[in-house]
Amino acid sequence: MSSSLTNFGYQQKELPVKVRNIGLALLLIGLVLAVIGYFVEPVRSMFNNIILLTFIISIGLGSLFFVALEYVTGAIWSVPFRRVMEFLAATLLIVPIIALPLLFNLHDIFHWTHPEVMKTDKLLAGKAPYLNEEFFIVRFLVFAALWILFYYAITLTSKKQDSTKETKLTRRNIKISAVFIPVFALTVSFTAIDWLMTLEPHWFSTIYGVYYFSGTVLAALAAGTYAIVSLNEKGYLLKGLDKDHYYSLGALLFAFVNFWAYIAFSQFLLIWYANLPEETIWFLQRWDGSWKYISILLMIVQFLVPYFGLLSQPSKKDGKKLKFFAVWILAAHYIDLYWLAMPTFSKEGFVLGWIELAYPILAVGIVVLVFSLKSKKSNFVAIGDPKLKRGIEFKL
Amino acid sequence: MSEKKLYSYTALFNTPDEIIHAVEKVSEKGYKNYDVNTPYPVHGMDGAMKLPPSKLGYIALVLGLSGMMAGLLMTYWMSAIDYPINIGGKPIFSFPAYIPIIFEITVLFAAVGTVLAMLLFFFKLPNNSHPLHGTNYMKAVSSDKFGISIQVDDKLFVKEEVINLFKELGSTEINPVYYDEVEINYKNKIFEPKFIMFLVVAFILTSGATYVTLNKLMFMVPFDWMSNQEKVIPQSKSMFYSDGFGMRTPVEGTIARGHIPYPYKGDLEAASAMPNPLLPTKENMKLGQQKYDTFCSLCHGYHGEGDSRLRGQFPNPPSLHSEKVRNWSDGSIYHVIMEGQNIMPAYSSQLTNDEKWAVILHLRALQRSLNAKETDLQ
């Protein structure tokens with residue numbers, strides 16, 4: 001048997017160098033602007049850095065979650081493009097680097113890092129065992145280490161299968177994924193609490209972790225959908241990926257758009273109903289001055305538009321539309337994180353300057369560059385996966 | 001006995017892959033009136049049969065939107081029109097509180113309506129006889145075989161060709177299906193009197209049974225213990241007193257708690273000697289302004305200039321900035337509030353003692369604003 005038959009006719013193809021160069025260019029532009037920004041307005045830059053950090057975690061961790069979910073549930077339809085999600089998950093590797101500037105500037109961002117405040121403020125004093133710099137940094141390092149560990153554990157096993165084609169590797173990955181999912185649940189919640197919720201250390205919301213989780217999965221799905229559809233159109237994936245696969249991706253995107261709105265509204269409704277000043281203050285801040293426009297924009301951009309855009313069946317099968325809404329949702333998630341973090345920095349109204357534009361450019365650069373480097377000399381398809389044939393033949 | 005007629009030719013296959021392949025060929029040949037029967041939904045069948053997208057989605061959309069409107073109208077009508085009640089100081093119509101309700105009703109309408117529409121319009125449900133029913137073919141496809149049936153009424157139907165096609169496709173069993181015309185009614189029978197009568201009877205039976213169970217068999221007296229107490233309520237008769245009145249007048253000389261009888265009735269002179277017991281603190285000034293704005297400003301105007309807001313419905317009072325009132329003692333003003341003056345009614349019961357004195361503090365502040373003392377300017 002010729003090797004092209006055992007591999008379903010898969011021919012390894014490299015991404016054009018252009019893609020990597022674009023990624024590199026964006027990364028450099030973003031980086032230069034960000035560095036200048038740091039010297040001009042350090043605090044503002046650091047708040048933007050938090051958005052960047054949580055955005056990259058969203059894409060990396062969400063993608064790894066998607067991969068783990070496929071293993072644990074035994075999903076078939078997503079096998080032909082699981083590798084694309086594995087490449088995206090590689091962004092987790094640079095999370096510590098993105099967090100580095102933040103770790104050196106905690107004092108400028110987090111009110112609770114000032115010991116004198118923690119002593120005099122009765123409410124904060126009670127939270128001191130959790131909210132202190134040492135524990136914060138340890139937590140972050142442990143989380144990042146766990147993510148990278150699971151990233152390698154899952155993707156290396158998956159890659160090994162390309163050549164060995166052993167079924168037992170799938171079984172091993174199922175076990176690793178089953179362990180990863182609870183780890184994911186806890187780390188994603190505490191990441192949201194640590195980096196975003198403690199910006200307002202007096203305020204709390206028990207659903208906050210779930211809120212960030214919904215955005216995480218949404219962003220990862222959107223990034224994945226964009227990459228998968230584009231690669232498929234250019235012939236990087238196996239032949240036979242079609243409307244049924246597109247529809248499933250679209251349906252999942254649509255479901256998570258709804259899930260995000262559901263969680264966002266749940267958080268709002270309970271706080272609005274109880275009307276307790278210590279809770280409502282967070283929403284009032286986001287309804288104050290020009291922040292109101294961002295709040296309204298968010299409802300439209302992250303819910304209404306993608307909801308109606310992806311509602312009908314044909315739109316979920318249309319590659320062009322899927323790509324459009326994938327980019328749209330990624331932008332929406334970025335705005336969402338901006339809406340979570342920035343009001344602490346500028347209470348009077350939202351700020352939008354070149355610094356705020358530098359970081360999204362940097363984010364896109366990072367993702368594109370990591371993706372193209374990771375995919376180099378690798379298969380875009382998990383050709384050794386025993387479920388691959390059924391995955392390609394998947395019909396609704 | 002009536003004549004049996006040919007309905008269709010059927011073919012059985014063993015695997016889902018075979019049936020998909022067969023269906024692709026059949027639809028390629030251009031047959032339109034055929035159907036596929038499988039023990040479970042086979043993925044990809046819609047595509048193989050080249051079926052257009054189902055219209056059911058639009059029905060669900062329309063029903064969902066109607067549900068949403070119904071939910072919106074219901075919550076609005078109940079809370080803002082029929083029974084407006086203040087809940088936790090929220091506006092009478094608080095949209096966020098109704099979103100869950102509107103959402104549920106949207107889902108309810110869409111889900112129940114879609115199922116009903118499917119049963120009635122797509123499955124033509126009250127019509128429960130079909131030529132394929134009760135055939136061996138149906139028995140086979142509802143256990144482990146995959147079948148296709150090409151109907152005689154298809155334009156391209158030629159018996160030999162169909163049989164040959166089935167053979168080519170590798171069918172294990174090819175059979176004709178006959179039917180008795182009298183047994184079949186193709187018409188959609190929703191509006192048939194018999195069916196409507198059935199619905200009416202079912203409706204009466206279920207609602208009657210529900211009524212009897214809930215109101216007779218399981219009836220529980222509503223908890224009204226709190227309203228049925230052994231006490232005298234206003235306007236009620238009492239057998240205890242000889243005059244039969246439940247409501248009694250207080251014993252003469254009774255003084256209500258916190259109420260100090262006014263000793264200077266009709267005596268402005270004597271009242272003028274009363275000093276104001278309140279200091280012009282921030283709280284007192286605020287209280288005074290609030291009460292003044294509520295009780296006095298409608299006639300005297302917000303600034304006491306006599307610019308009534310009553311548009312001539314009541315004679316405009318004189319300005320409170322007059323020499324006369326400015327030179328009055330606080331006690332005299334208190335007396336006017338207590339007893340009224342000429343056509344100005346008394347405000348003795350609307351304001352508490354402290355509130356009256358606070359109003360006077362505010363009045364003084366208003367006066368000082370137009371006629372400042374020398375010392376104020378320093």
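Order of the sequence lines sets the chain letters (A, B, ...), proteins ahead of strands, with each chain counted from 1.
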Legend entry - Sorted by number, residues from residues 13-38 of chain B in contact with chain A (heavy atoms, under 4.5 Å): none

Legend entry - Side chain B:Lys90, main chain A:Tyr273, donor-acceptor under 3.5 Å: yes

Legend entry - Heavy atoms of other groups near A:Tyr226 OH, more than 12 under 6.0 Å: no

Legend entry - Atom NE2 of A:His202 with >12 non-hydrogen neighbours under 6.0 angstrom: yes

Legend entry - A:Lys239 NZ: over 12 foreign heavy atoms closer than 6.0 Å: no

Inset, instruction - Tabulate, in ascending numerical order, the residues of residues 276-312 of chain A having at least one heavy atom closer than 4.5 Å to a heavy atom of chain B, or enter 'none'. - result: A:Leu311

Legend entry - Non-hydrogen atoms of A:Gln313 and B:Pro53 that approach each other most closely: OE1-CB, 4.4 Å

Inset, instruction - Evaluate whether atom CZ of B:Phe93 has more than 12 neighbouring non-hydrogen atoms of other residues, nucleotides or ligands under 6.0 angstrom away. - result: yes

Inset, instruction - Enumerate the residue pairs fulfilling salt bridge (Lys or Arg N to Asp or Glu O under 4.0 Å) with a member in residues 68-84 of chain A, sequence neighbours excluded, ordered by first and then second residue. - result: A:Glu70-A:Arg82, A:Arg82-A:Glu86, A:Arg82-A:Asp385, A:Arg83-A:Glu86, A:Arg83-A:Asp162

Inset, instruction - Please round to the nearest 0.5 Å and tell me the distance separating atom CZ of A:Phe265 and atom CZ of B:Phe103. - result: 10.5 Å

Legend entry - Nearest non-hydrogen partners of B:Pro96 and A:Leu269, listed with the distance: O-CD1, 3.2 Å

Legend entry - A:Lys323 atom NZ: more than 12 heavy-atom contacts under 6.0 Å: yes

Inset, instruction - Locate the shortest heavy-atom distance separating A:Trp272 from B:Ser94; write the atom from each residue and the value. - result: CH2-CB, 3.4 Å

Legend entry - Segment of A:Phe268 engaging chain B (4.5 angstrom heavy-atom cut-off): side chain

Legend entry - Neighbours of chain A found in residues 57-74 of chain B - heavy atoms under 4.5 Å: B:Leu61

